Amino acid sequence: MTDDRGDDPVALVALGSRVLAAAGQGDMVWGHLAVRDPDGRGVWMKSAGWGLEEITSDRVLLVSWTGELLEGSGRVHLEHHIHTGIMRARPDVHVSVHTHSLTVNAFSALGEPLHALSHDAVAFAEHGLPRFTATDNLVRTPELGRALATDLGDARACLMPGHGLATVGRDTAHAVMYAILLERACRTQLTALAAGEVRHRTSHQECLEKDAVAWPDSQIDAGWRYWQRRVALGQFL
């Protein structure tokens, strides 16, 4: 079973960041991944001013629950409230991701529900795919962080219209893979809509059944290991 809570959070932030970049979710120096501190002091996340593909262990910070820099050298991201807000509300979440996926932004602008047109989308069937409604602006206050956590609820991911996505998981593999799957699912639906009317989609009940077969822990872990190999080979999109 995938579970990295005993691993070094600094190494996990660096690796998860580079995987997101390899999967095409970088946006110059914006976007970030956070890992809950095992000792409860806050979250580990990358220093502001660096791209996801540039993150090494010396560019990872420990940020307190109220935004103070506790360890590391660099600037704290303004939007650390995304991660602290979610993790305070969700004890089950040990890793959270926020990226500015262009594909997800384009899909969010349509106001359409995500339909199961591929394997990827069924990962979001159980709790749906909520939308963050408080603002399209930066999540720059504790109140907005709490609002995002409220809209996310028990889901694995949340659309942030005009801003990107947030995904969560009990470990790095799940949080990162859900970000990758969400981007792929949105891309498939955008492609189908561009070609014409969508005439077939998987039913909700079959989605739930398919999720258990297509995305058990073993498959999430297999995808995570694949992206680690891509990073090791220096293969970025």
Side-chain angles (χ1 to χ4, degrees), residues 12-35 43-61 63 67 72 74-86 95-110 114 120 124 129-141 144-145 148 151-152 156-169 172-191 223-224 227-228 230-231 234-237:
L12 292 172
V13 171
L15 177 59
S17 297
R18 294 199 301 273
V19 166
L20 288 166
Q25 298 216 22
D27 178 21
M28 293 182 278
V29 300
W30 300 287
H32 23 80
L33 171 150
V35 175
V43 300
W44 293 88
M45 59 188 299
K46 76 178 183 68
S47 174
W50 299 100
L52 292 169
E53 72 279 5
E54 299 179 293
I55 301 308
T56 52
S57 294
D58 59 339
R59 294 171 182 164
V60 177
L61 314 175
V63 180
R75 292 185 295 111
V76 175
H77 272 281
L78 176 65
E79 291 193 298
H80 66 272
H81 302 288
I82 290 173
H83 308 287
T84 55
I86 288 172
V95 182
S96 52
V97 168
H98 169 59
T99 71
H100 296 166
S101 166
L102 296 177
T103 301
V104 174
N105 272 335
F107 176 79
S108 296
L110 298 178
L114 182 68
D120 308 304
F124 308 102
L129 181 62
R131 292 169 178 264
F132 180 44
T133 58
T135 184
D136 287 4
N137 206 333
L138 303 185
V139 181
R140 62 198 186 279
T141 66
L144 287 172
L148 174 58
D151 284 347
L152 172 67
R156 295 168 171 173
C158 185
L159 298 176
M160 300 175 69
H163 193 169
L165 61 84
T167 61
V168 298
T172 315
H174 284 78
V176 171
M177 281 295 293
Y178 290 148
I180 293 170
L181 294 176
L182 179 56
E183 189 278 334
R184 286 163 51 99
C186 290
R187 189 192 326 161
T188 297
Q189 189 159 334
L190 285 172
T191 302
W224 172 237
W227 283 107
Q228 288 185 68
R230 289 281 299 267
V231 167
Q235 295 180 342
F236 286 72
L237 296 179

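Since the structure is predicted, the reported quantities are computational estimates derived from the model, not experimental observations. All values below were derived from every heavy atom in this structure, side-chain atoms included, with hydrogens, water molecules and symmetry-related copies excluded. Along the sequence shown, residues are numbered consecutively beginning with 1.
When all heavy atoms of Arg156 and Leu152 are compared, the pair lying nearest together is C-CD1, 4.4 Å. Pairing each heavy atom of Asp151 with each of Ala134, the nearest pair is OD2-N, 4.3 Å. Shortest non-hydrogen contact noted between Ser47 and Gly74 is OG-CA, 3.5 Å. Across all their heavy atoms, Ser96 and Val168 have their closest contact at CB-CG1, 4.2 Å. Counting all heavy atoms, side chain and backbone alike, Ala22 lies closest to Trp227 at O-CZ3, 3.4 Å. Of all heavy-atom pairs spanning Ala175 and Gly169, the tightest one is CB-N, 3.7 Å.
Residues Val95 and Leu12 form no side-chain contact, since every pair of their non-hydrogen atoms from C-beta on lies 4.5 Å or further apart. With a 4.5 Å cut-off on side-chain heavy atoms, Leu181 and Phe124 count as touching. Looking at Gln189 and Leu114, their side chains come closer than 4.5 Å, going by heavy atoms from C-beta outward. Between Phe107 and Leu159, the closest side-chain pair of non-hydrogen atoms falls below 4.5 Å. Between Val35 and Val60 there is no side-chain heavy-atom pair separated by less than 4.5 Å.
For the pair Arg131 (side chain) and Ser108 (backbone), a donor-acceptor distance under 3.5 Å is present.
In this structure, CD1 on Ile55 lies 11.0 Å from NE2 on His32, to the nearest 0.5 angstrom. In this structure, Cys186 SG and Leu165 CG are separated by 8.0 Å, a value rounded to the nearest 0.5 Å. Distance CG/Asn105 to CG/Leu110: 11.0 Å, rounded to 0.5 Å. Remark: Glu79 CD to Thr84 OG1 distance equals 11.0 Å, nearest 0.5 Å. Going from atom CE of Met28 over to atom NE2 of His100 covers 10.0 Å, rounded to the nearest 0.5 Å. Taken to the nearest 0.5 Å, the CG atom of Leu148 stands 5.0 Å off from the CE atom of Met160.
Between His81 and His83, the distance from one ring center to the other does not fall under 6.0 angstrom. The six-membered or imidazole ring of His98 lies near that of His163, with a centre-to-centre distance under 6.0 Å.
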Query raised in the report: Which is it for Val63 and Met45 under the side chain to side chain contact (heavy atoms under 4.5 Å, CB included) test, yes or no, and what are the steps along the way?
Result: CA-CA 7 Å; Val63 180; Met45 59 188 299; 4.0 Å; yes

Report task. Given side chain to side chain contact (heavy atoms under 4.5 Å, CB included), test Val19 with Trp224 step by step and report yes or no. Result -> CA-CA 8 Å; Val19 166; Trp224 172 237; 3.8 Å; yes

Report task. Give the intermediate values and the outcome of side chain to side chain contact (heavy atoms under 4.5 Å, CB included) for residues Lys46 and Leu52. Result -> CA-CA 8 Å; Lys46 76 178 183 68; Leu52 292 169; 3.9 Å; yes

Query raised in the report: Could you go step by step and tell me if Val176 and Leu15 meet the side chain to side chain contact (heavy atoms under 4.5 Å, CB included) rule?
Result: CA-CA 10 Å; Val176 171; Leu15 177 59; over 6 Å; no

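With sequence neighbours excluded, the residues that form a side chain to side chain contact (heavy atoms under 4.5 Å, CB included) with Ala106 are Leu190. Residues passing the salt bridge (Lys or Arg N to Asp or Glu O under 4.0 Å) test with Arg18: none are found, sequence neighbours excluded.
Summarising the local packing, CZ of Arg75 is surrounded by 12 or fewer heavy atoms from other residues, nucleotides or ligands at distances under 6.0 Å.
Each of Thr188, Thr167, Thr103 was scored for a side-chain hydrogen bond (donor to acceptor under 3.5 Å, both in side chains) with Glu183, with one residue passing: Thr103.
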